[in-house]
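I have placed the structure first, in the form of structure tokens, so that the comments after it can refer back to it.
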Amino acid sequence: MRLDAAVAEWRSCRLKLAQRAVRAGEFAVDGRPRLEPKFQLVPGVEPVVELASGRSRVVPPRVHEFWLCHKPAGLICQRHPRAPSVYGLLPGESAAGAVGRLDLDTTGVLLLTTDGGLASLLLHPTSNVWKVYTATLLAEGGSALDADAAERFRAGLVMDDGATRCAPATLEVLGPASCRVRVHEGRFHQVKRMLAAVGGTVSRLHRE
Ligand code: URA
């Protein structure tokens, strides 16, 4: 937590006033005045001392919520006053947000959390967090996918728009009408679009 936010909470004042107080040298951390409002405190460890009064306060450690849910089909991943949404799976008072989104008809694992830092980390493309999906394909007579599909996934497939190149992914054919896909990106309709580019039409998608 930032020092200015901790001071604002402590004094029940606006952030701007807290920043002014920090810059004026009214607070010390670790034995010396800290003048940078953005100074990062370690919650539960570093006491902030109000120099004028000598009072000190340790920012309480933040307790986060983590909900690992099974998303059924038919729920959206946004908060919505009328449409059925994954937030209906949580207690009403929860402020957790979904880490990424699944399509309305996609089922499977969905993480919801109040820890925005962790959510950003998990979603950031450079974090390379792999997500595993099983897809059921429409297969009318024989295999639904092009013969070189797995190779194109490995090499970094170009989507049907001819412009979007995906990061290397894996495709494992499980049967004539089912496959397992591993990706570490989170583009819009990514798996459905990747499979469409190699001749497959997804009828069911499930995140493992
Ligand atoms: N890829 C998709 O196409 N849909 C999802 O819901 C998730 C990944």
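Atoms within a ligand are numbered from 1 in the order they appear, just like the ligands themselves. Values in this document were obtained by computation on a predicted structure and should not be read as measured data.
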So what's ligand 1 close to, N/O to N/O, under 3.5 Å?
| residue | atom | partner | partner atom | Å |
| --- | --- | --- | --- | --- |
| ligand 1 | 1 (N) | V191 | N | 3.1 |
| ligand 1 | 3 (O) | H189 | O | 3.2 |
| ligand 1 | 3 (O) | Q190 | N | 3.4 |
| ligand 1 | 3 (O) | V191 | N | 3.3 |
| ligand 1 | 3 (O) | K192 | N | 3.1 |
| ligand 1 | 4 (N) | D103 | OD2 | 2.8 |
| ligand 1 | 6 (O) | D103 | N | 2.7 |
| ligand 1 | 6 (O) | D103 | OD2 | 3.4 |
| ligand 1 | 6 (O) | T106 | OG1 | 2.8 |

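Using modelled atom types, no side-chain atom of R204 and backbone atom of T136 make a donor-acceptor pair closer than 3.5 Å.
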Listing, residues 12-19 side-chain donor-acceptor contacts under 3.5 Å, not counting sequence neighbours, or none:
| residue | atom | partner | partner atom | Å |
| --- | --- | --- | --- | --- |
| Q19 | NE2 | D4 | OD2 | 2.9 |

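When all heavy atoms of R82 and H80 are compared, the closest pair comes out as N-ND1, 3.0 Å.
Counted within 6.0 Å of CZ on R193, heavy atoms from surrounding residues, nucleotides or ligands total more than 12; the atom is thus considered enclosed.
For the salt bridge (charged side-chain N to carboxylate O under 4.0 Å, His left out) test, residues two or more places apart in sequence or in another chain that qualify with E26 are R11. For the ring pair (Phe, Tyr, Trp, His ring centres under 6.0 Å) test, residues two or more places apart in sequence or in another chain that qualify with H184 are W130.
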